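Quick note on labels: first sequence line is chain A, next is B, and so on, each numbered from 1. Only a predicted model underlies this, so the values are computations on that prediction, with no experimental measurement involved.
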There are 4 protein chains.
Amino acid sequence: MTEAEALRPGRKRDASRDPAILDAAIEVLAETGYEGMTIDLVAARAKAGKATVYRRWASKNELVLEAVACLKTAGLDPDSLPDTGTLRGDLVAMIKPHSIQDAQRKMQVMGGLVSMLTRHPELVETAQEVIVEPRVRVTRFLLRRAIDRGEIRADVDVDTLALVSSSMAAHRTLIQRKPVDRAFLISIIDGVLLPAVGIVPETAEPAAAR
Amino acid sequence: MTEAEALRPGRKRDASRDPAILDAAIEVLAETGYEGMTIDLVAARAKAGKATVYRRWASKNELVLEAVACLKTAGLDPDSLPDTGTLRGDLVAMIKPHSIQDAQRKMQVMGGLVSMLTRHPELVETAQEVIVEPRVRVTRFLLRRAIDRGEIRADVDVDTLALVSSSMAAHRTLIQRKPVDRAFLISIIDGVLLPAVGIVPETAEPAAAR
Amino acid sequence: MTEAEALRPGRKRDASRDPAILDAAIEVLAETGYEGMTIDLVAARAKAGKATVYRRWASKNELVLEAVACLKTAGLDPDSLPDTGTLRGDLVAMIKPHSIQDAQRKMQVMGGLVSMLTRHPELVETAQEVIVEPRVRVTRFLLRRAIDRGEIRADVDVDTLALVSSSMAAHRTLIQRKPVDRAFLISIIDGVLLPAVGIVPETAEPAAAR
Amino acid sequence: MTEAEALRPGRKRDASRDPAILDAAIEVLAETGYEGMTIDLVAARAKAGKATVYRRWASKNELVLEAVACLKTAGLDPDSLPDTGTLRGDLVAMIKPHSIQDAQRKMQVMGGLVSMLTRHPELVETAQEVIVEPRVRVTRFLLRRAIDRGEIRADVDVDTLALVSSSMAAHRTLIQRKPVDRAFLISIIDGVLLPAVGIVPETAEPAAAR
DNA sequence: CGATAAACGAGACGGTACGTCGCGTCTTCTG
DNA sequence: CAGAAGACGCGACGTACCGTCTCGTTTATCG
């Protein structure tokens, strides 16, 4: 690739145009929504010609997809999360205002993509990777750590449980159109995740029954 | 309404056009997706004129919405469900092939609507009611019955738990684009729902550990 | 044709759009020239949508051609011309200010068409018929009348002579870009046409020489 | 010029590129016509970069114009023409197959220029000089020689008559799109030019009348 | 029972976005 | 530095779809 690129004569793609266009796209996407977004508008906002946009992305859809892909910035890697000592503490630590905001925005954009995925199955994986995987990955990591430290049973269905939070957040954003706020996320943690791994929230009495 | 209708002179609306158009809409929606769907195409398929469509629905969006609303046919009302005696039995009883198929189709169509909801918040409730509520309602009912019969604790978060299944199914269909098959639903039941209400699936040994 | 048209269902073409668009086209054509002319501009000026233009003419070229075809209005039919009794009188009578103006405008438009004809030979005849034939026809008529009244010899090459004036006017407009004014036309009449049919203009002495 | 050129540092312009580009331009011009001609195509055909083209000519129009200017090759200078002793002989001597061909080609290219002249009046003179003047000049020369030798009257309108042949050939090529063949040129000579200078072609009787 | 009025299939209308292509300029690398 | 290659900003092209508006025809109710 790098060789072929070096060998090819002619002016190089202006690397600064890509982010400029993507930023403009994200901006417009956020302001006017997917269908309100116009290539002409994006190009104009990026001070680019339409041809320059189409030289990079074959269609509006692909541009949108990559623009979304660039949203991945939400500092949510496992390492940056503290080990609070308890699963609940870890999960609650994920709920940071700016992280919520980021997820919210991603989901909003995702709304525009959903219909697109129907027609462009090849993009599913990318969307998947960018939008849902990050949070799922972290949750999975936290669950495994809880198992390792003996806090929860080892035979819980980690993979399925890790999806719960993302799924419900997506559902709430895309379909219910309600805000994914702290209270909602807490209710998932305390109402679903923790009970499912056998931790009864403290508000309830110590579960003598059964 | 009926009066005004009776008083108004002129030819009556041909009642048979409504379902014809809606059917065509659903057909096209399923085949080509939301953005691929064209009013001209729908009208042609229903052998109707465009004016006949627009006389009934103000826009493509509203047509799509009502078309979706007509998908509610999947005999999933609480009364038709047997009381198997156990929560797990009840939940598994919901998994019927044609019910799965129906949900699948609904979700597929829902995909096309998501981007629409951004611009037409007034449609959210309808979509909500038609697509997600039915299943959520049934699940909620089953959970309450389990509480009533003393099978599970009374302080579980019924409302949140009832959403789990629908949310995860939606996520799987719309975003992951994987089929919502029996295995997937079972893994939700046994991996999330039952554990969350304190029922450890039988496959695991009787909790000697811990 | 008329039958097929009557039988075809659907809204009829709005007959008033054709002239509106053609007029706008001619207007723009005259103002900005052929390549400066834009379909969008023409449509906007005619308060029409682009589709309405393209429904009638397959391309900018065809629109231009028909617009030109509509210029044929320059009241120059043989009947409207007086019989002055002499060929010179008849020819000079053709030189009327508004007739000159009309020819000028036609030629100007013709300028834009010339390059088009290369690629669309099928349009040559139309252009020919509209632009050059009228004047040629009249000149031919006048020559024949002169023959009939015995003013000139019967064996002059009427067909070729009839073309002289048009050709030279075209040449002057399109290539030399000089105005086709009265003096120029008179010089053609007195310097070429009349001598060629054996009439020596009076300014010269009565042909004692030779 | 030569000094400045010598003083300027850096690589010299590759003189061989000029004719290569011009030839390519003429080639494309002949094949696809003016509007079908693309700078990219010309450059590619000449194995040149676009910048190399634009370093030499400021625009497509100017390139075309100079390309046309290079067509002047058709050995038609007065000196190369024989003095046949009669005007008719001289005029007919101008009709040489390759000369016809050349004129034909020039005119074809001229077709593409006509629309250009509207927008670039400064090019009129060049076009004029290159395309029409050569033939006009020769004709004018022959007419004067005929006067000098006493073959025709001295008071004929030489300037106007000299234009006849070129004008009619242009008209025939550009507008009528018919070939300018020997027969056509002969008919101009015998039907217009010679009669106009008082020479009645031999086929007709000796013009006793008047 | 004829007039009136609305609904119907068909499709033209004014708009607007799409994705393509050409112009003339600018940038990169090679000789 | 010139030259080949080709990306850049710009803007017109011709297409497709939206939602509205006529057409001529069919069907129902009112006078």
Side-chain angles (χ1 to χ4, degrees), chain A residues 6-17 35-41 43-44 46-60, chain B residues 6-14 17 35-41 43-44 46-61, chain C residues 6-17 35-41 43-44 46-60, chain D residues 8-14 16-17 35-41 43-44 46-55 57-61:
Chain A
L7 289 176
R8 199 179 34 168
R11 179 174 174 176
K12 295 292 177 278
R13 291 261 175 100
D14 182 345
S16 77
R17 306 322 290 135
E35 343 239 306
M37 169 180 150
T38 285
I39 298 287
D40 281 281
L41 187 53
K47 293 196 180 306
K50 250 202 306 184
T52 302
V53 176
Y54 280 104
R55 196 174 291 118
R56 289 165 161 75
W57 298 279
S59 68
K60 177 179 170 180
Chain B
L7 289 177
R8 201 178 38 178
R11 180 174 172 178
K12 294 288 174 288
R13 291 239 178 124
D14 182 345
R17 306 320 291 135
E35 343 239 302
M37 170 180 149
T38 285
I39 297 288
D40 286 271
L41 188 53
K47 292 197 180 307
K50 269 207 295 181
T52 304
V53 176
Y54 279 102
R55 196 174 292 118
R56 289 165 163 78
W57 298 278
S59 70
K60 176 179 170 182
N61 287 337
Chain C
L7 290 177
R8 200 180 34 168
R11 179 173 175 178
K12 297 292 176 279
R13 292 262 176 99
D14 182 344
S16 77
R17 306 321 291 133
E35 345 240 303
M37 168 179 153
T38 286
I39 298 288
D40 282 281
L41 186 54
K47 292 194 179 308
K50 252 204 299 186
T52 302
V53 176
Y54 279 103
R55 196 173 292 117
R56 288 165 162 76
W57 299 278
S59 68
K60 179 179 170 181
Chain D
R8 199 176 39 179
R11 178 174 169 179
K12 295 290 175 291
R13 287 224 184 141
D14 182 346
S16 76
R17 305 320 292 136
E35 345 238 302
M37 168 180 151
T38 287
I39 297 288
D40 285 270
L41 188 53
K47 294 197 178 306
K50 270 207 292 181
T52 303
V53 176
Y54 279 102
R55 196 172 292 118
W57 298 277
S59 69
K60 177 180 170 180
N61 286 337

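Per the geometry, CD belonging to C:Glu35 stands 12 Å off C1' belonging to E:dC23, to the nearest Å. Following rounding to the nearest Å, C:Lys60 (NZ) and E:dC21 (P) show an atom-to-atom distance of 18 Å. The distance between atom CG of A:Leu41 and atom P of E:dA17, rounded to the nearest whole Å, is 9 Å. Atom OH of D:Tyr54 is separated from atom P of E:dG22 by 12 Å (rounded to the nearest Å). Rounded to whole Å, the distance from CH2 on B:Trp57 to C1' on F:dC18 is 17 Å.
Taking C:Asp14 as the reference, C:Ser16 meet the side chain to side chain donor-acceptor pair (under 3.5 Å) condition, with sequence neighbours excluded. A:Arg56 is linked by a salt bridge (charged side-chain N to carboxylate O under 4.0 Å, His left out) to A:Asp18, counting only residues two or more places apart in sequence or in another chain.
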Problem - Base versus backbone protein contacts along nucleotides 8-15 of chain E [heavy-atom cut-off under 4.0 Å; B, S, -] - result: BBBBBBBB
Can you give me every donor-acceptor pair (side chain of residues 46-55 of chain B, partner residue at least two apart or in another chain, under 3.5 Å) with its distance?
none

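Residues D:Ser59 and A:Ile39 both approach DNA chain E. Their nearest nucleotides, taken by heavy-atom distance, put A:Ile39 toward the 5′ side.
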